[in-house]
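I have placed the structure first, in the form of structure tokens, so that the comments after it can refer back to it.
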Amino acid sequence: MAPTEQPVASQINATSGPAIIAVTSILLAIAVIIVGLRCYVRSLVSKNIGWDDGIMLFTLCILVAGDAVIFEMVSVGVGYHLFELPDPEAAALQLLKWNSVYQVLNVVGAFFTKLSIGLFLLRLKNSRRFRLVIWLFLTPLAITTLVLVLTVLLQCIPLEALWTPSIHGRCIAQDVPLTVSYVQSAFAILTDLFLTGSPIVILWDIRISTRKKVGICGLMSLGLMATIANALRNAYIPNLTEADFTFTIVPIVLVADLEFSLGVIAACIPTLMPLFKRRNERKAYSKMSGKQSSSAASATLRQQSYNTGKDFSTVTTECHAYPLRDLNDKDHITLEQSFTVERT
């Protein structure tokens with residue numbers, strides 16, 4: 001009797017694989033459009049492109065690479081029960097490889113998203129105290145992210161020993177990467193909460209209606225959804241050690257991609273405000289695009305002339321210094337206005 005053919009993954013019962021691909025593709029398409037609009041606004045509308053925009057473009061590239069890895073994981077068998085696959089052992093080993101790659105891309109991409117947000121906030125409020133607070137949150141996150149990446153990449157020496165049984169290497173205990181992941185995630189959640197709350201405080205100084213402030217703050221609070229997704233990912237991390245690996249990893253993949261994609265989208269929304277402003281609201285929204293607007297000089301010329309007791313025809317009044325690190329290499333520029341006075 002001829003041997004029966006083993007069914008391939010596409011011939012077996014329904015799987016959550018197509019749903020993973022659909023959700024990932026929709027979020028990626030939205031992220032690409034939003035980042036594209038951000039680049040359009042910064043380069044052509046406000047003409048104020050900066051480091052935060054470049055980092056966000058780099059982050060989008062990492063997101064694309066991460067989603068490509070997710071598609072590869074689905075083709076390997078993610079979404080199926082392990083026993084349903086033609087070669088369960090080979091599928092599990094391949095999934096170990098691609099999951100390691102995705103872990104690195106995900107945590108690195110999420111960090112650069114937060115770094116871009118931090119640099120954007122510094123364009124809105126570049127005071128010494130605020131800079132210190134920003135880096136007090138971002139520095140521990142950067143360190144724990146680096147430690148997690150090194151832990152994943154060095155969990156076996158050589159790393160190929162993790163998914164290639166024929167290679168005999170030295171590997172650390174399975175729970176070590178999980179523990180480091182919990183620590184890194186805790187710093188990521190704290191940083192998310194700070195970065196989400198800070199723009200709301202800064203926004204309250206901008207001269208627009210309360211209704212618009214509430215609307216903008218609501219859009220910016222989308223970052224909290226990324227924080228919730230991060231917390232959910234922690235709840236599902238123990239699934240990585242389950243025997244039915246290809247099936248139990250599904251919620252982790254979904255919430256990890258949700259966290260990354262929503263973070264990118266939420267980070268770009270404040271920069272799109274100039275697209276929705278009217279001409280007479282240009283000054284009010286200029287701060288949301290990372291631009292500081294100039295103010296009129298506060299001193300009156302007549303009082304200066306009386307106080308000095310001198311007869312002069314022109315007085316130069318110095319205005320405030322505005323930080324423009326994102327526009328040039330100088331710390332600030334000083335605006336001056338000249339007034340001509342005719343004494344009677």
Side-chain angles (χ1 to χ4, degrees), residues 31 34-60 109-139 141-142 191-208 212-213 215-224 226 262-277 281-295 319-335:
I34 294 292
V35 174
L37 287 173
R38 174 184 183 141
C39 294
Y40 166 76
V41 169
R42 286 297 182 85
S43 58
L44 297 177
V45 178
S46 63
K47 297 181 180 178
N48 198 25
I49 199 159
W51 279 103
D52 54 331
D53 305 304
I55 290 174
M56 186 53 66
L57 270 176
F58 175 67
T59 304
L60 180 64
F111 168 74
F112 278 109
T113 302
K114 294 169 179 57
L115 177 60
S116 176
I117 297 173
L119 293 178
F120 170 72
L121 293 178
L122 288 178
R123 298 175 75 172
L124 303 183
K125 185 173 182 177
N126 199 10
S127 67
R128 184 178 178 181
R129 181 179 297 180
F130 191 61
R131 280 199 308 271
L132 179 62
V133 175
I134 286 280
W135 292 114
L136 278 177
F137 276 93
L138 288 176
T139 302
L141 179 61
T191 306
D192 276 336
L193 292 174
F194 168 73
L195 294 177
T196 303
S198 296
I200 298 174
V201 176
I202 297 172
L203 181 64
W204 228 249
D205 293 331
I206 300 178
R207 294 178 181 177
I208 55 177
K212 289 177 182 176
K213 287 179 181 179
I216 295 170
C217 290
L219 290 172
M220 294 172 73
S221 65
L222 284 174
L224 288 176
L262 286 179
V264 170
I265 293 167
C268 293
I269 284 177
T271 66
L272 305 185
M273 292 301 107
L275 289 177
F276 308 102
K277 69 180 186 231
E281 294 174 329
R282 182 175 300 273
K283 290 182 180 179
Y285 281 110
S286 61
K287 212 171 184 184
M288 293 306 298
S289 62
K291 240 176 164 178
Q292 298 280 2
S293 59
S294 61
S295 62
C319 300
H320 297 287
Y322 296 94
L324 293 172
R325 291 181 181 274
D326 49 338
L327 296 183
N328 50 44
D329 296 327
K330 298 178 182 178
D331 289 345
H332 67 275
I333 64 172
T334 301
L335 302 179

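All heavy atoms count here, side chains included; hydrogens, waters and symmetry mates do not. Everything quoted here is computed from the prediction, not taken from an experiment.
Shortest non-hydrogen contact noted between I265 and A31 is CG1-CA, 4.0 Å. Considering every non-hydrogen atom in both L121 and S198, the closest pair reads CD1-CB, 3.9 Å. Heavy-atom minimum distance, S43 versus I49: CB-CD1, 4.5 Å. Between D53 and R123, the shortest heavy-atom distance links the atoms OD2-NH1, 3.4 Å.
For the pair T113/T59, a side-chain contact is recorded, criterion being any heavy-atom separation below 4.5 Å from C-beta on. Contact annotation: the side chain of F120 never approaches that of I55 to less than 4.5 Å [non-hydrogen atoms, C-beta and beyond]. Looking at L195 and F137, their side chains never come closer than 4.5 Å, going by heavy atoms from C-beta outward. Within the 4.5 Å cutoff, the side chain of M56 has no heavy atoms near those of the L119 side chain.
A distance of 5.0 Å separates CZ of R38 from CG of D52, quoted to the nearest 0.5 Å. To the nearest 0.5 Å, atom CG of residue L115 and atom OG1 of residue T191 are 11.0 Å apart.
By the side chain to side chain contact (heavy atoms under 4.5 Å, CB included) test, A110 is found to be paired with K114, E259, residues two or more places apart in sequence or in another chain being considered. Scored by the ring pair (Phe, Tyr, Trp, His ring centres under 6.0 Å) test, F112 finds F58 as partners (sequence neighbours excluded). Considering only residues two or more places apart in sequence or on other chains, L57 meets the side chain to side chain contact (heavy atoms under 4.5 Å, CB included) condition with V35, C39. For Y40, the side chain to side chain contact (heavy atoms under 4.5 Å, CB included) test picks out L44, V45, L275, with sequence neighbours left out.
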